[in-house]
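A, B, ... follow the sequence lines: proteins, then strands. Residue 1 opens every chain. These numbers come from a predicted model, not from an experiment.
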Amino acid sequence: AQSVTQLDSHVSVSEGTPVLLRCNYSSSYSPSLFWYVQHPNKGLQLLLKYTSAATLVKGINGFEAEFKKSETSFHLTKPSAHMSDAAEYFCVVSDDSGGGADGLTFGKGTHLIIQP
Amino acid sequence: DAGVTQSPTHLIKTRGQQVTLRCSPKSGHDTVSWYQQALGQGPQFIFQYYEEEERQRGNFPDRFSGHQFPNYSSELNVNALLLGDSALYLCASSFGTGPFEQYFGPGTRLTVT
């Protein structure tokens, strides 16, 4: 079984300051982990993915995430927030259960607010 | 290169009716997954289709069924609609099965009255 917990439902930062969105996961197998972003009235866009290669993963738009197995965490960071980053962010896990088909398990989402 | 497309964009149905939603995967993808996203929630996995078969299913009742066609496109059918079925239905495609990244369509907004 797999699950994801996003520790903050809302995060508010000022433009130009760092962003930290926290995610903990639970997985019975070697997990693949993703962050997706959803802007209002737009589809889900993949920001970055971890699939057992480098633990520090770089994504689009300056985002990165670090996989920490000992802490079962996959927090998303960005050094400097931009107004266009305001959106809903989802941490997602998928088990490499070897069974073939794998659905993604989403967290409840973190709403990122950027203050001017 | 066309991404994932879904139709219709919006749909309004009455309780007890049946609905069919459609999805065309991204070019080169052969696997389609469906998700339900209630307002203010993260998407929930309904099922996944590969080689025209349902390969995995989430915690959804049998009222939710699907189909995949030889051209990899897919349909989601929901019978005996309930008010609680009102949600954004998302289709995602990928190449092959397994824990690969999935590419999402814009979704179909279903409202049940």
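Atom CG of N71(B) sits in a crowded spot, with more than 12 heavy atoms from other residues, nucleotides or ligands closer than 6.0 Å. Annotation: I113(A), atom CD1; neighbour count of heavy atoms from other residues, nucleotides and ligands within 6.0 Å is above 12. Shown here is R15(B), whose CZ atom has no more than 12 heavy atoms of other residues, nucleotides or ligands within 6.0 Å. Heavy atoms from other residues, nucleotides or ligands lying under 6.0 Å from CD of Q6(A) number more than 12. Counting heavy-atom neighbours within 6.0 Å of L39(B) CG, excluding the residue itself, gives a total of 12 or less.
The minimum heavy-atom distance linking Q37(B) with F90(A) is given by the pair NE2-CZ, 3.5 Å.
Heavy-atom proximity under 4.5 angstrom to chain A picks out L88(B), L90(B) from residues 80-91 of chain B. Proximity to chain A among residues 104-113 of chain B is limited to F104(B), G105(B), P106(B), judged by heavy-atom separations below 4.5 angstrom.
Cluster membership check: F60(B) does not share its hydrophobic cluster with Y50(B), using side-chain heavy-atom separations under 4.5 Å among Ile, Leu, Val, Met, Phe, Trp and Tyr. Two different hydrophobic clusters hold F45(B) and L21(B) under the rule that ILVMFWY side chains link at heavy-atom gaps under 4.5 Å. Note on I60(A): it clusters hydrophobically with L33(A), by side-chain heavy-atom contacts below 4.5 Å among ILVMFWY residues. Hydrophobic clustering, with ILVMFWY side chains joined whenever heavy atoms are under 4.5 angstrom apart, keeps L56(A) apart from L76(A). Following chains of ILVMFWY side-chain contacts shorter than 4.5 Å, one cannot reach V32(B) starting from Y36(A), and the two form parts of different hydrophobic clusters.
Remark: Y72(B) pairs with no residue by the ring pair (Phe, Tyr, Trp, His ring centres under 6.0 Å) rule, at least two apart or across chains.
For K42(A), no part lies near chain B; criterion is any non-hydrogen pair under 4.5 Å. Residue Q38(A) touches chain B through its side chain alone, counting heavy-atom pairs closer than 4.5 Å.
The greatest number of non-hydrogen atom pairs below 4.5 Å with chain A, out of G58(B), P43(B), G42(B), is found for P43(B).
Applying the disulfide bond (SG atoms under 2.5 Å apart) definition to pairs two or more places apart or across chains, those involving residues 20-72 of chain A are C23(A)-C91(A).
Note: Y103(B) OH to L46(A) CG = 6.0 Å, rounded to the nearest 0.5 Å.
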